[in-house]
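Just so it is clear, the model here is predicted, and its values are computed rather than measured. Start at 1 and go down the list; that is how both ligands and their atoms are numbered.
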Amino acid sequence: MEAEHLTKVFTQRGKASFKAVDDVSFTLKAGESLGIVGESGSGKSTLAKMLTRLTDISEGTLKFQGKDITKRKQRQLKEVYGNIQMVFQNPVGSFDPRRTLGDGIGESLRNRGMKKEEALKRVKELLEQCGLDGEFAGRYPYEVSGGQCQRAAIARALAVEPKVLICDEATSALDVTIQKQIMELLEKLKDTHGLSFIFICHNLALVQSFCDKVMVLYDGKVVESGKPDNIINAPQEAYTKKLVDAVFE
Ligand SMILES: Nc1ncnc2c1ncn2[C@@H]1O[C@H](COP(=O)(O)OP(=O)(O)O)[C@@H](O)[C@H]1O
Ligand SMILES: [Mg+2]
């Protein structure tokens, strides 16, 4: 994935326009993991939604496997969604409360024409790969814990067989032990599924062990980027120092 000068401008009626993401560039190679850190409101989620093309890109260019996907619309986006999937902070809210987890996870499979029984079999495999019993396919989102629901959300993303998984604060709402287990699962998926990751969070400590490189966002701009160890041990910007101190105090 190649992002060049990505910018997102929000315009609200009667108000001056506002740049939530401002001139962000990076390259993500196959199998690589990129961390994006920054305080709340720094533009992380907006950037994630641009990368998955859930929101339009105001300026700049986004390429995936060499193809320009910056301006793709509707039907042409299918290929993008098939390659780039996202996991969000609130897993329970990301599932339809009236449908079972298995139904939600299997949706993309059935849309691809897979028969119902075959899809259910695959769903159970995916659940097991994510550390849940296949029996969870029959449960509703409100019948599982937050950590279990996040595992199901990861299984749903994997059903599509994406190349890139974007995790937007995917562990932030979970308590520390569960967070650790989900991180272990993601780490395992790097190998078993050959995934590239964009890992968004405000906790530099998580980024340090998981990511090959990291970008620090402030006010929509990249203020610092490089290897996590270098950034944590020798932050160049006052803002990054603050983020580092917040983790290790
Ligand atoms: N749809 C929107 N319309 C207008 N402003 C938005 C919209 N979405 C996000 N913003 C603003 O963009 C900024 C960045 O938000 P966000 O990307 O959610 O930050 P983060 O994920 O880092 O907390 C915030 O100031 C937010 O209020
Ligand atoms: Mg966010």
Side-chain angles (χ1 to χ4, degrees), residues 1 3-26 28 33-60 62 70-71 73-74 77 80 84-95 146 149-150 153-154 156-157 164-175 178-179 182-183 186 197-208 210-211 213-226 228 231-232 235 237-247:
M1 184 184 269
E4 288 165 13
H5 309 293
L6 290 185
T7 298
K8 179 71 185 184
V9 183
F10 286 118
T11 32
Q12 279 156 332
R13 225 181 298 159
K15 283 192 190 154
S17 64
F18 161 74
K19 278 187 188 174
V21 174
D22 191 355
D23 197 18
V24 172
S25 303
F26 66 85
L28 180 75
S33 295
L34 166 70
I36 301 177
V37 295
E39 63 188 11
S40 178
S42 55
K44 305 182 298 296
S45 293
T46 305
L47 177 59
K49 286 182 204 144
M50 292 163 86
L51 301 176
T52 40
R53 290 299 328 277
L54 292 172
T55 187
D56 284 337
I57 294 167
S58 312
E59 288 164 47
L62 180 64
T70 319
K71 294 204 161 62
K73 295 263 183 261
Q74 284 134 19
L77 279 171
V80 176
I84 308 168
Q85 281 286 306
M86 195 151 153
V87 177
F88 302 90
Q89 176 164 5
N90 174 3
V92 178
S94 78
F95 281 96
C149 204
Q150 195 58 295
I154 294 167
R156 180 180 53 192
V164 181
L165 190 58
I166 302 184
C167 297
D168 187 3
E169 308 262 13
T171 64
S172 305
L174 307 171
D175 55 51
I178 306 296
Q179 188 174 63
I182 298 288
M183 291 308 297
L186 296 176
F197 275 92
I198 294 183
F199 188 79
I200 298 173
C201 77
H202 55 265
N203 184 347
L204 266 166
L206 286 184
V207 172
Q208 183 171 27
F210 191 76
C211 296
K213 52 190 185 184
V214 59
M215 271 182 347
V216 181
L217 270 194
Y218 177 65
D219 253 353
K221 296 185 192 66
V222 177
V223 292
E224 200 161 344
S225 65
I231 296 212
I232 288 168
E237 298 290 326
Y239 173 69
T240 317
K241 282 191 187 108
K242 229 175 65 187
L243 286 179
V244 174
D245 291 343
V247 174

> Looking at atom 17 (O) of ligand 1, what's its closest protein heavy atom, distance included?
Replying inline: Thr46 OG1, 2.5 Å

> If only atom types and distance count, is the side chain of Arg53 paired as donor or acceptor with the main-chain N or O of Thr70 below 3.5 Å?
Replying inline: yes

>> So, regarding Leu47 and ligand 1 (criterion: nitrogen or oxygen to nitrogen or oxygen, under 3.5 Å), is there a contact or not?
In response: no

> Taking atom OG1 of Thr55 and atom CG of Leu47, what is their separation to the nearest 0.5 Å?
Replying inline: 11.0 Å

> Considering all protein heavy atoms, does one lie under 4.0 Å from atom 26 (C) of ligand 1?
Replying inline: no

> At what distance is the nearest protein heavy atom to atom 11 (C) of ligand 1, and which residue and atom is it?
Replying inline: Phe18 CE2, 3.7 Å

> Less than 4.0 Å between atom 1 (N) of ligand 1 and some protein heavy atom, yes or no?
Replying inline: yes

> atom 14 (C) of ligand 1: which protein heavy atom is closest, and how many Å away?
Replying inline: Gly41 O, 3.4 Å

>> Which residue and atom name correspond to the protein heavy atom nearest atom 18 (O) of ligand 1, and how close is it?
In response: Ser45 CB, 3.7 Å

>> Students should be able to answer this: which protein heavy-atom is nearest to atom 5 (N) of ligand 1, and at what distance?
In response: Phe10 CD1, 3.3 Å

> Which atoms of ligand 1 sit under 4.0 Å from any heavy atom of Ser40?
Replying inline: 23 (O)

>> Check this for me, if you would: do Lys73 and Asp56 make a salt bridge, where the nitrogen-to-carboxylate-oxygen distance has to be below 4.0 angstrom?
In response: yes

> Which distance, rounded to the nearest 0.5 Å, do you find between the CG of Leu206 and the CG of Asn203?
Replying inline: 4.0 Å

>> Taking 4.0 angstrom as the limit and counting only heavy atoms of Gln12, give me the atoms of ligand 1 inside it, by number and element.
In response: 4 (C)

> Between the side chains of Thr7 and Asp23, does any donor sit under 3.5 Å from an acceptor?
Replying inline: no

> Does Gly38 have a heavy atom less than 4.0 Å from any atom of ligand 1?
Replying inline: no

>> Ring-plane angle category for Tyr239 and Tyr218, please: parallel below 30°, perpendicular beyond 60°, tilted otherwise.
In response: tilted

> For ligand 1, which atoms, with element, lie under 4.0 Å from some heavy atom of Glu39?
Replying inline: 22 (O)

> Is there a donor in the side chain of Arg156 and an acceptor in the side chain of Ser94, or the other way round, less than 3.5 Å apart?
Replying inline: yes

> For atom 19 (O) of ligand 1, which protein heavy atom lies nearest, and how many Å away is it?
Replying inline: Gly43 N, 3.2 Å

>> I'd like to know if the Mg ion (ligand 2) has an N/O/S atom from Ser45 within less than 2.8 Å of it, counting both backbone and side-chain atoms.
In response: yes

> Taking atom types as modelled and ignoring hydrogens, do the side chains of His202 and Glu169 form a donor-acceptor contact shorter than 3.5 angstrom?
Replying inline: yes

> Do the side-chain N and O atoms of Glu224 and Thr240 include a donor-acceptor pair separated by under 3.5 angstrom?
Replying inline: yes

